[in-house]
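Only heavy atoms go into these numbers, but all of them, side chains included; no hydrogens, no water, no symmetry mates. These numbers come from a predicted model, not from an experiment.
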Number of protein chains: 2
Amino acid sequence: MARKTKTSSDRPTLVDVAREAGVSAITVSRTIRSPGIVSDKARRKVEEAIRRLGYTPDPAASALASRSTSTIGLLVPSLTNNVFSDVLRGVYEGVQGTRYFVQIGNYRYSALEEEGLIRNFLSQRPAGLIVSSMDQTPTGRRLLETAPCPVVQIMEIAEGAVDMSVGFDQLAAVRAGAQHLQECGYRRPGFLSARMDPRAQRRLAAFREFAEGAGMLDDRRIITTPQPSSVGMGGHLLEQLLSQAPDTDAVMCNNDDLAVGALMEALRRHIAVPGQLGICSYNDIEMARHMVPALTAVATPRREIGSRAIAMLLAEIDNPGSVTERRVDLGFEMMIRESTSRR
Amino acid sequence: MARKTKTSSDRPTLVDVAREAGVSAITVSRTIRSPGIVSDKARRKVEEAIRRLGYTPDPAASALASRSTSTIGLLVPSLTNNVFSDVLRGVYEGVQGTRYFVQIGNYRYSALEEEGLIRNFLSQRPAGLIVSSMDQTPTGRRLLETAPCPVVQIMEIAEGAVDMSVGFDQLAAVRAGAQHLQECGYRRPGFLSARMDPRAQRRLAAFREFAEGAGMLDDRRIITTPQPSSVGMGGHLLEQLLSQAPDTDAVMCNNDDLAVGALMEALRRHIAVPGQLGICSYNDIEMARHMVPALTAVATPRREIGSRAIAMLLAEIDNPGSVTERRVDLGFEMMIRESTSRR
DNA sequence: TTGAAAGCGCTAACAC
DNA sequence: GTGTTAGCGCTTTCAA
């Protein structure tokens with residue numbers, strides 16, 4: 001099946017460009033990938049030919065020949081969660097203008113699905129991988145450890161990262177929120193949390209530990225649900241909290257949706273915030289500071305995590321081993337606003 | 001450079017599987033792609049060999065040989081916008097469990113960037129394309145028209161779609177909101193809008209037209225900004241509206257962020273909603289109905305658009321020409337709540 | 001139903 | 001700095 005003559009519908013190939021420019025195919029290839037090592041004269045001829053033919057490289061052929069792609073895999077547990085949409089934004093800002101592109105995998109808070117996605121991504125020979133947790137299955141973790149590409153774990157700072165990591169101390173962040181509540185004079189704080197993925201569980205544990213140490217722990221005030229977080233859920237959880245422990249005087253919410261929902265529920269019940277009830281939120285998405293009263297929140301560096309992660313990854317791809325700071329703590333910030341400022 | 005002996009680190013290939021199973025490579029390929037046309041005996045042997053070797057196909061090689069990939073390109077104007085995160089969710093739900101995967105391109109409300117992304121996606125030989133607007137550059141549009149794969153345009157329903165389309169009548173939706181305001185007895189309605197992309201402009205035009213017809217048009221009450229939409233911006237815009245036209249008695253907001261921001265600003269100024277000021281929102285993300293007072297909104301079928309679009313695309317990919325309903329109107333719904341119910 | 005041969009369009013490796 | 005050669009791991013085509 002000799003198909004020596006090209007059909008007109010076929011797009012031009014490297015060889016076509018080479019012929020047009022009067023050079024060899026490899027020179028065209030080099031002109032595209034590292035213009036620096038090609039003579040000015042050749043480069044100009046090639047560039048001209050590319051323009052004339054409207055040539056675009058075929059990524060599949062390139063991937064096959066070079067055994068690597070320009071794909072960066074990004075694994076997130078949720079697409080609806082505001083937290084990850086901010087991370088996403090940071091990541092996309094960072095790949096803008098590079099030759100890489102991001103592919104998102106949503107594992108819906110399931111470590112098993114995450115493992116499947118890791119496998120799937122790896123089969124595509126990605127240039128790098130960003131994963132949003134430390135809670136892989138053992139197999140998932142092994143796959144990451146032996147991955148033939150750099151890997152960045154994001155969101156948390158913890159011992160035993162697979163390769164690089166960018167995040168902040170989530171437990172210290174919760175503690176800071178709880179402590180702030182204490183410093184404002186609240187003595188009977190509750191904790192509201194939805195979804196209860198491993199990270200949420202850890203944050204709850206940190207809260208309990210702090211509350212216990214401060215002599216403020218009361219399990220009736222810990223309200224959680226495995227269901228997804230939402231504004232409506234925040235209202236429900238507060239309702240439940242107040243029916244179980246009516247003397248509660250503050251709530252630490254495990255994210256902004258919940259805090260906004262709790263605030264609205266308080267409004268509905270004519271409970272004065274911050275007078276009768278203090279509310280501290282977690283993450284601090286834009287909406288939080290515009291509520292009335294404005295929500296005090298532990299602000300987390302979501303976008304920065306995304307942009308930093310991609311920066312590290314790209315540096316490591318371009319120049320393996322060049323990233324010396326392989327574990328980056330971006331910190332968090334207490335945003336003290338009206339919802340906790342008693343008098 | 002004869003590398004006849006495979007390095008141990010190399011992953012197994014089709015040929016390895018074929019050898020292991022005692023069949024030819026093409027039989028393995030067929031077993032994977034269309035098990036039906038292979039004999040039971042051969043199939044079993046191949047499946048067993050695949051398992052034993054832990055074989056995973058190389059998508060790059062497959063793409064190169066077959067001249068097509070399993071990538072579905074999804075172009076969105078924004079990643080932070082809640083509207084598109086809902087669409088995204090619908091799309092991802094729809095590809096779950098298929099052999100396709102989605103790649104997102106963010107063109108940041110720039111038709112020029114969109115054109116670049118279309119070009120870029122096309123160079124990857126995608127299985128299909130979903131684009132979020134009708135507002136391509138002429139070149140962008142041409143690229144879509146001649147694309148060698150099915151294309152779905154989403155969000156709007158309009159004449160002259162490139163190929164398939166799924167959405168709703170955005171202009172009728174705005175009109176419905178404005179009319180609702182009128183029916184509630186509001187006579188001096190304003191309009192708040194940010195970002196002002198072509199779609200936002202069209203919606204504003206629809207509002208003006210309706211208001212004019214109803215004898216309620218007053219240009220002082222039309223407040224827009226090219227800046228991105230946010231809750232904070234909603235507050236600013238309402239502030240501006242009230243300083244320019246203090247007798248305004250209602251606002252139609254071009255999306256939920258703005259509406260929430262306007263509501264908070266009203267709260268801050270002790271303006272009674274809905275008594276002194278009616279607020280109607282657009283899109284109706286979850287948060288809207290949990291505000292106090294709950295926001296009346298034009299609910300748009302964002303997730304459904306995503307899942308329907310991917311369903312149509314997959315059907316068309318598997319079976320070109322099989323999709324008969326190539327223009328799907330998913331409608332919208334008025335959610336009448338407290339923020340417009342005077343007495 | 002199965003197989004052999006011939007590429008898909010690019011890059012690695014080595015020579016010049 | 002540039003070219004030649006030999007694949008990368010699949011699928012297509014054609015023949016059996």
Side-chain angles (χ1 to χ4, degrees), chain A residues 1-7 9-46 49-50 53-70 99 123-125 127 148, chain B residues 1-7 9-46 50 53 55-70 99 123-125 127 148:
Chain A
M1 50 137 281
R3 184 150 72 68
K4 283 270 104 89
T5 55
K6 313 207 58 114
T7 329
S9 81
D10 279 346
R11 41 195 249 194
T13 72
L14 210 56
V15 173
D16 297 328
V17 176
R19 192 181 309 121
E20 178 83 10
V23 297
S24 72
I26 191 69
T27 298
V28 179
S29 176
R30 289 203 263 250
T31 306
I32 292 166
R33 288 178 301 153
S34 21
I37 67 166
V38 170
S39 71
D40 278 15
K41 185 152 145 279
R43 182 156 40 68
R44 260 193 302 277
K45 282 193 296 183
V46 170
I50 288 177
L53 265 43
Y55 169 75
T56 340
D58 183 331
S62 167
L64 181 57
S66 68
R67 280 170 218 69
S68 86
T69 64
S70 302
R99 64 181 208 87
S123 80
Q124 292 178 59
R125 309 179 184 277
Chain B
M1 50 139 280
R3 184 152 72 67
K4 282 269 101 91
T5 54
K6 312 208 56 110
T7 330
S9 81
D10 277 348
R11 42 192 251 195
T13 70
L14 210 55
V15 172
D16 296 329
V17 175
R19 193 182 308 121
E20 178 83 10
V23 298
S24 72
I26 188 63
T27 298
V28 178
S29 175
R30 290 202 262 250
T31 306
I32 292 166
R33 288 178 302 152
S34 21
I37 66 166
V38 170
S39 70
D40 278 15
K41 183 148 146 283
R43 183 156 38 70
R44 260 193 302 276
K45 282 193 296 185
V46 170
I50 287 177
L53 264 41
Y55 169 74
T56 341
D58 183 332
S62 167
L64 180 56
S66 69
R67 281 170 219 72
S68 85
T69 65
S70 303
R99 65 180 206 87
S123 81
Q124 293 179 56
R125 307 177 184 279

So, do [X] and [Y] sit near enough that their side-chain heavy atoms are less than 4.5 Å apart?
X      : Y      : value
D58(A) : T13(A) : no
Y55(A) : I32(A) : yes
L14(B) : S29(B) : yes

What is the distance from [atom1] of [X] to [atom2] of [N], rounded to the nearest Å?
X       : N       : atom1 : atom2 : value
I50(A)  : dC10(C) : CD1   : C1'   : 13 Å
R19(A)  : dT2(D)  : CZ    : C1'   : 19 Å
R43(B)  : dT1(C)  : CZ    : C1'   : 13 Å
L14(B)  : dG9(D)  : CG    : C1'   : 7 Å
L64(A)  : dC8(D)  : CG    : P     : 9 Å
R125(A) : dC10(C) : CZ    : P     : 18 Å
R67(B)  : dG9(D)  : CZ    : P     : 19 Å
L53(A)  : dG9(C)  : CG    : C1'   : 15 Å

Ignoring the backbone of [X], work out which of [options] is nearest its side chain.
X      : options                  : result
V38(A) : dT2(C), dT2(D), dC10(C)  : dT2(D)
S39(B) : dT2(C), dC10(D), dC10(C) : dT2(C)
V23(A) : dC10(C), dT2(D), dG3(D)  : dG3(D)
S24(A) : dG3(D), dC10(D), dG9(C)  : dG3(D)

* Near DNA chain D, under 4.0 Å by heavy atom, which residues of residues 26-34 of chain A? ->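 I26(A), T27(A), R30(A) - these, ordered by number, are the residues of the stretch whose heavy atoms sit under 4.0 Å from the strand.
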* Asked: Which is true for A63(B) with a 4.0 Å heavy-atom rule: it touches a base, it touches only sugar-phosphate, or it touches nothing?
  ->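 Result for A63(B) = nothing.
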* Asked: Within the structure shown, what part of the strands sits under 4.0 Å from A25(B) by heavy-atom distance: base, sugar-phosphate, or nothing?
  ->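 The answer is nothing, as A25(B) stays clear of every strand by at least 4.0 Å.
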* Looking at residues at least two apart in the chain, or sitting in another chain, which of them share a side chain to side chain contact (heavy atoms under 4.5 Å, CB included) with Q124(B)? ->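 With neighbours one apart ignored, the set is P59(A), F101(A), Q103(B), N120(B), F121(B).
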* Asked: Does the side chain to side chain contact (heavy atoms under 4.5 Å, CB included) test come out yes or no for V46(B) and V38(B), once each step is laid out?
  -> CA-CA 10 Å; V46(B) 170; V38(B) 170; 6.0 Å; no
* Asked: Counting only N and O atoms by type, is there a donor-acceptor contact under 3.5 Å from the side chain of T31(B) to the main-chain atoms of T27(B)?
  ->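 Checked: pair present.
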* Asked: Can you check whether A60(A)'s main-chain N or O pairs, donor with acceptor, with R125(B)'s side chain at less than 3.5 Å?
  ->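 Not at all, since once roles are kept as given, no pair shorter than 3.5 Å links the two residues.
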* Between S66(A) and I37(B), which is nearer to the 5' end of DNA chain C once each is assigned its nearest nucleotide? ->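 Mapping each residue to its closest nucleotide by heavy atoms, the 5'-most match is I37(B).
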